[in-house]
Engineer: 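Following this message is one structure expressed as structure tokens.
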Amino acid sequence: QVQLVESGGGLVQPGGSLRLSCATSGFTFSIYTMGWYRQAPGKLRELVATISKTGSYINYGDSVKGRFTISRDNAKNTVYLEMNSLEPEDTAVYYCTRVPNYWGQGTQVTVSS
């Protein structure tokens with residue numbers, strides 16, 4: 001069965017960095033667009049970034065452009081999210097997705113001093 005397992009979340013100070021990973025199994029990773037979304041308390045789930053199967057096409061949500069970088073390793077069936085210059089507004093549960101209809105359980109990212 002399709003499995004998406006996120007890791008790398010945690011507590012970080014404003015201005016800090018984190019790297020999220022999403023290890024996948026149960027499907028042919030290299031033929032699917034993958035992505036990251038996030039959901040803060042009381043807010044709708046929003047796009048963070050998506051990456052095409054070869055990594056040629058990448059799309060970022062407006063709020064993270066220039067600070068976050070999505071990447072993938074098709075040999076390791078894993079997608080990553082490098083997050084820099086983190087702000088308190090980035091606090092959310094971050095979800096890995098096999099676009100459009102499979103989701104991981106999420107990993108909490110908290111940005112606070």
Engineer: Write down the atom of L86, the atom of L18, and the distance for their closest heavy-atom approach.
Structural biologist: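 Shortest heavy-atom contact: CD1-N, 3.9 Å.
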Engineer: Do I70 and I58 have side chains that approach each other closer than 4.5 Å (heavy atoms only, starting at C-beta)?
Structural biologist: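 The answer is yes, as the side chains (C-beta and beyond) meet within the 4.5 Å cut-off.
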Engineer: Are the side chain of E46 and the backbone N or O of R38 linked by a donor-acceptor pair below 3.5 Å?
Structural biologist: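 Checked: no pair found.
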Engineer: Is there a donor-acceptor contact under 3.5 Å from the side chain of Q3 to the main chain of G26?
Structural biologist: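 Not a single qualifying donor-acceptor pair exists.
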Engineer: Work out which heavy atom in S85 is nearest to a heavy atom in S17; give both atom names and the distance.
Structural biologist: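 Closest pair (atom of S85, atom of S17, distance): N-OG, 4.4 Å.
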Engineer: What salt bridge (Lys or Arg N to Asp or Glu O under 4.0 Å) pairs are there with at least one residue in residues 70-85, not counting sequence neighbours?
Structural biologist: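 For residues 70-85: R19-E82.
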Engineer: Just so I know, are the side chains of V79 and W36 near enough to count as touching, which here means a heavy-atom distance under 4.5 Å?
Structural biologist: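 Yes. Closest side-chain heavy atoms under 4.5 Å.
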Engineer: Between M83 and D90, is any pair of side-chain heavy atoms under 4.5 Å apart?
Structural biologist: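 Sidechains of D90 and M83: no contact.
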Engineer: Does a side-chain heavy-atom distance below 4.5 Å link Y102 with T97?
Structural biologist: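 The answer is no, as the side chains (C-beta and beyond) never meet within the 4.5 Å cut-off.
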Engineer: Taking the six-membered ring for Trp, are Y32 and F27 ring centroids under 6.0 Å apart?
Structural biologist: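 So the answer is yes for these two rings.
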Engineer: What pairs meet the disulfide bond (SG atoms under 2.5 Å apart) rule with one or both residues in residues 9-102, with sequence neighbours excluded?
Structural biologist: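 Non-adjacent pairs meeting disulfide bond (SG atoms under 2.5 Å apart): C22-C96.
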Engineer: How about I51 and N59: do any of their side-chain heavy atoms sit closer than 4.5 Å?
Structural biologist: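 No, every pair of side-chain atoms sits at 4.5 Å or beyond.
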Engineer: Between N77 and T24, is a side chain to side chain donor-acceptor pair (under 3.5 Å) present by the stated rule, with each step listed?
Structural biologist: CA-CA 6 Å; N77 297 336; T24 74; 5.1 Å; no
Engineer: Compare every heavy atom of L81 with every heavy atom of Y94, then report the nearest pair and how far apart it is.
Structural biologist: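 Where Y94 meets L81 most closely, the heavy atoms are CD2-CD2, 4.1 Å.
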Engineer: Inspect the surroundings of CD in Q39 and state if more than 12 heavy atoms from other residues, nucleotides or ligands are less than 6.0 Å away.
Structural biologist: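 Check passes, neighbour count above 12.
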Engineer: Will you find, in the side chains of T54 and S56, an N or O donor that is under 3.5 Å from an N or O acceptor?
Structural biologist: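 Note: T54 and S56 side chains meet the donor-acceptor criterion.
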Engineer: Can you confirm whether T107 sits close enough to S7 that some side-chain heavy atom of one is under 4.5 Å from a side-chain heavy atom of the other?
Structural biologist: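 No; the side chains remain at least 4.5 Å from each other.
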Engineer: With a sphere of 6.0 Å drawn around CD1 of I31, does it hold more than 12 non-hydrogen atoms of other residues, nucleotides or ligands?
Structural biologist: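 For I31, atom CD1 is crowded (more than 12 foreign heavy atoms under 6.0 Å).
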Engineer: With a 6.0 Å cut-off on ring centres, are Y37 and W103 close enough?
Structural biologist: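 Yes, close enough.
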Engineer: Is R67 close to K65 at the side-chain level, that is, under 4.5 Å between some pair of heavy atoms?
Structural biologist: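 With C-beta onward as the side chain, the pair stays apart.
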Engineer: For R98 versus L4, what's the shortest heavy-atom pair and its separation?
Structural biologist: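 Reported closest heavy-atom pair: N-CD1, 3.7 Å.
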Engineer: Looking at S52 and Y57, would you say the former's side chain and the latter's main chain have a donor-acceptor pair under 3.5 Å?
Structural biologist: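 Yes, because the side chain of S52 sits within donor-acceptor range (under 3.5 Å) of the backbone of Y57.
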